[in-house]
2 protein chains.
Amino acid sequence: MDVAMKRKPSTEATAAWIRLMRVQSRVLDAVEHELKKAGFPPLAWYDALFELSRAPSGELRPVELEKQMLLPQYSTSRLIDRLVDEGLAARRECKADKRGQFVEITDAGRELQKKMWQAYSAAIEKHVGSKLSDGDAVKLCGLLDRLGCSCSEAQPLAVRDVASAR
Amino acid sequence: MDVAMKRKPSTEATAAWIRLMRVQSRVLDAVEHELKKAGFPPLAWYDALFELSRAPSGELRPVELEKQMLLPQYSTSRLIDRLVDEGLAARRECKADKRGQFVEITDAGRELQKKMWQAYSAAIEKHVGSKLSDGDAVKLCGLLDRLGCSCSEAQPLAVRDVASAR
DNA sequence: CGTGATTAAATGCAGTTGCATGAAATAGTC
DNA sequence: GACTATTTCATGCAACTGCATTTAATCACG
């Protein structure tokens, strides 16, 4: 390991880092707050329900969910617990691999997902859409994507996801 | 409230939202992980120490720290607890307003802040700087700033902060 | 096949967060 | 000046997170 690897970032890069952290935090807080105000569960629940709902036959292995959502394993496991407790998903045995299981979204789960999207999409429009032209949104996507894959990659899908199911 | 307020976001805006959430999460995870690997406390500690260190005479009211850091009040209160426990900061009485107090950074605190910046800046360079030209970093800042002030504003300082004290 | 490494998922525990509330000082108002 | 509202900070409690470990099943391969 070369000592020179530890180069200092430029002022511009540092400024971008700070913006990324602060703006994300504010926008996320704002959106989460609106969802909560409307009586909905946290965004993570939506994300999970969304991933399940668009999966073939509405079910996914926990491992897959985990990868889609960038969550640690234990975190996914407990999120599923909660969804199951609330009747939004069900655990199903996996015959092919008995260590594993399938998580299947229920009708109630699908319904909640759709309802949440009403409030969620309105919040996105309010806190992102209304502040940026479509062209600028595309530029922003492009710049962010370049930062994306410092670690693992995952979902190269997200773009068209948006276009379709939501 | 017009019902039409609940307009749907464009595909582009939604894509930007998703990127913002995912990329920030990954980059933050990566940077936090490097700091932890190097045996340092969480980033929030750095931020607090940094804010304190650049404040006049190295002290700040908890309320001010709270605003700078976009943290809830109780969270700041407990963060200060921990800094004090570790001898990185000290609580001092505020004679002008006896409800309040001052939090003052200690020498150990200043030292840790500087040491952390070594690792922190290297991580920023690795996960942000090296992926973006300075020009692109500036563009990214500009786009993010437009999303910034959906709620409260706060630190219009951050830009020059970066240039100076760090 | 048998043995060791790997993968899927759950869980105990300690530490942290969020929420609501409390306690203490100050500000505003009549 | 007494009364209420507000501001500043702390804290009890329940929920949540991270970490390390456990359990169970599959895989790799000699």
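Each chain gets a letter, A, B and so on, in the order its sequence line appears, and its residues count up from 1. As a basis for the values below, the full set of heavy atoms in this structure was taken, side chains included, without hydrogen atoms, waters or symmetry mates. Fair warning: this is a prediction, and the values are worked out from it, not measured in the lab.
- One can place NZ of B/K98 at 16 Å from C1' of C/dA23, the figure rounded to the nearest angstrom.
- Interface remark: the A/Q73 side chain does not form any donor-acceptor pair with the C/dA8 base, using a distance-only criterion of under 3.5 Å.
- Comparing B/W45 and A/K36 by the nucleotide of DNA chain C whose heavy atom lies nearest to each, the residue mapping closer to the 5' end is B/W45.
- Residue A/S77 has a polar side-chain atom (N or O) positioned under 4.0 Å from OP1 or OP2 of C/dA10.
- Of the listed nucleotides (D/dC19, D/dA10, D/dT8), D/dT8 has the atom at the smallest distance from the side chain of B/D97.
- In this model, no side-chain donor or acceptor of B/R78 finds a partner on the base of C/dG15 within 3.5 Å.
- When each of A/G100 and A/R82 is assigned the nucleotide of DNA chain D with its nearest heavy atom, A/R82 is the one assigned upstream, toward the 5' end.
- Within 6.0 Å of atom CG in A/D85, more than 12 heavy atoms from other residues, nucleotides or ligands are found, so the atom counts as buried in its surroundings.
- As a whole-Å value, the separation of B/K67 NZ from D/dT7 C1' is 10 Å.
- Across the protein-nucleic acid pair, A/Y74 atom OH and C/dT7 atom P stand 19 Å apart, rounded to whole Å.
- When the C1' atom of D/dA15 is taken as reference, atom CG of A/D85 falls 13 Å away, rounded to whole Å.
- Distance alone, capped at 3.5 Å, places no donor-acceptor pair between the A/T76 side chain and the A/P62 backbone.
- Below 30°, between 30° and 60°, or above 60°: for A/Y46 and A/W117 the angle between ring planes is below 30°, a parallel geometry.
- Between B/A48 and B/L83 the shortest heavy-atom distance is CB-CD1, 3.9 Å.
- Regarding B/L28, its CG atom lies at a distance of 15 Å from the P atom of D/dT17, rounded to whole Å.
- Remark: P of C/dA10 and CZ of A/R61 are 11 Å apart, rounded to the nearest angstrom.
- Ion pairing between A/K139 and A/D136 holds under the 4.0 Å rule for side-chain N and carboxylate O.
- Closest to the side chain of A/R99, out of D/dA20, C/dC13, C/dT7, is C/dT7.
- Remark: P of C/dA10 and CD of A/E66 are 11 Å apart, rounded to the nearest angstrom.
- Below the 3.5 angstrom threshold, one finds no donor paired with an acceptor across the side chain of A/Q101 and the base of C/dA8.
- Atom CG in A/L65 sits about 20 Å away from atom P in C/dT7, given to the nearest Å.
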